[in-house]
Amino acid sequence: MSILIQNATLLTVDPENKIIRNGALLVEQDKIIALGDIDTVKSQTAHPEHTIDARNCFLLPGLVDAHIHTGNTLSRGLIPHDVALADWLGEWMVPFKSVLDQDDGKTSAQLVMLEMIQTGTTCFLDSLLYSRHGLEGVVNAVLESGMRACIAKFVTDSPRLEMKKGAGEEDTLGQAKSFFKRYNGAGDGKIDIWLEPPHLGRSQPVFYQDASALAKELDTGMTIHFMEGPKDREPLQKMGISPGRFAQKVGLLGERRVYAHGVWISDEDIDILAEGKVSIAHCPTTNMKVIDGIAPIPRMIRKNVNVALGCDGFSSNDNVDIFREMRTAPLLHNVVNADPTAISLEDALKMGTNNGARALGKANKIGSLEVGKKADLITVEMRRPYTGAERDPLGHVIYSCSGSNVRDVIIDGKIIMLNRQILSLNVDEIHQEVEKRAELVSAKFDARKSS
Ligand SMILES: [Zn+2]
C-alpha cells in the first residue's frame, strides 16, 4: 500500500533534528520512501492508494515505550495510591500478580495496547512476562494489534519469584529458549523475544551469567529492573560490589541491554553503563509516584548513556502515555537541578523516539522520519486555537500535547488508527472482556488479601 501524508509539520528527529513546515511524507509498502516539501514528494507518486490530509497536525516518528508491564493493567482501582515502592511491591503488586491467569494476561495486554495506540506509541518493550500469565496469549494479542514489540520473558532460578513450584534454572532458561524459537521474528519481524532476569542480587551470580550466555547464543536482548529503590542496593552492599561492577562481572553489559530506572547509582556506575553501551529506561512518573527517588538522568545524558522512556506499570503510573513522560522528565530534572536546560526539548523528544529505538536495537529501522526507515509514524493535532504551535512546534509537542492529540497511527506501513478509530482491534469487544475479567480479578485479589 502507498500512503501520502501531506500538509503536516514534520518533526523528523533525524540527526539534524530537522523540522519541515507544510511538508509531506510518502510511504510505500512498509517504508518511508520520500519526505520534504509537498511538491517534491508528490512528484514521486502518481496515485497513492491512501492520502491523509494532516493540516494543523504534526507528523512524528511513532513513540517508543522502553519499559511497560502489559500484565499490570487490571490492577487499576485495586492498589492504593499512597504507598511507596517496598510496600507497593510486597503488600500489593506481588499478591495482585499471583492471582492472574492466562486469560487475564491476554486481556490486560490488549487493554494496554489500546491505550498505547491511542496515545501514539508504536513500539514497546514488555517487561516481566510470566509463564503463568500466558506467553502465547500476549504474543497473539500483539500480533493482532499490529504493534511492534520486544517481549521480555522473565527467567529466574528462584521458584518463589516465578510464583510457580518447580521453576528451576534449567526449566526457566529452556522455556525461554523454546519461546524464542517459536515467536522471535513473528509478525513480519515485528516481534522480538527477549529475556529478563530478576533485580540484581535476587538470583545467584551464576544465574545472571547463564541468562546472559543464552541471550548471546540467541543473539537477542535483555532487560532488567536496575536499582529502582534504595533497598535494591542492600544485596550488592552485602556482597561488597557496586551495581555497575556486578553487571560487568556477570556479563550483563552491551547493546540491547535495557536497564529500567537506574535511580540509586553512582558516577562510577554511570561510567560503566556508558562504556558498556547499556540503555536506561527512565520512568519519571513511577519514580515520583512510588517514591523511588530521582535518577541522575542529566548526568547520564552528559556521559552519553542512551536514555529512553517508560510508562512502567499501571498502578505506579495510571496512564500509558509517552507524551506525559516526555513532559515530566524535563520538568522533574530541570527543577531538581535548578537548571532549565538540564533536559532540553530535543533531549525529551529523542528520549521518547530515537533513544527508545536505539535501546531496542532498532535505530536503523525506526525512531526518526528518514527515507529508508520503516513507516512507524503518528499524526498529532495541534491544540486549538493554534496560537504559537507553528512558531514553536517542539515546545508545543513536549509541553502542550498529550496522547489525546494523536489522530492517526501507522505501523510498518499499515494504518492502525485513522481519525482516532482503531482499525486493527475490536475496541468494544476488548472493553467488554476487560470489564468481565476486572471483576473476576478483583474478587480473586480480595480473597487472596483476606486469606
Ligand atoms: Zn517495571
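Every number for a ligand or one of its atoms is a count from 1 in the order of the listing.
Neighbours of the Zn ion (ligand 1) restricted to protein N, O or S atoms under 2.8 Å: the count is 4.
You'll find the side chain of Asn405 stays beyond 4.5 Å of the side chain of Phe58, heavy atoms only.
Note that CG of Leu195 and NZ of Lys153 are 8.5 Å apart. Values are rounded to the nearest 0.5 Å.
Evaluation of the ring pair (Phe, Tyr, Trp, His ring centres under 6.0 Å) test over residues 331-366, restricted to residues two or more places apart or in two chains, returns His282-His333. Screening residues 239-277 for ring pair (Phe, Tyr, Trp, His ring centres under 6.0 Å) gives His67-His261, Tyr208-Phe246, His225-His261, Phe226-Tyr259 as the qualifying pairs, with residues at least two apart or on separate chains.
For Asn17, the side-chain hydrogen bond (donor to acceptor under 3.5 Å, both in side chains) test picks out no residue, with sequence neighbours left out.
The pair Arg76-Glu115 counts as a salt bridge, with a side-chain nitrogen and a carboxylate oxygen less than 4.0 angstrom apart.
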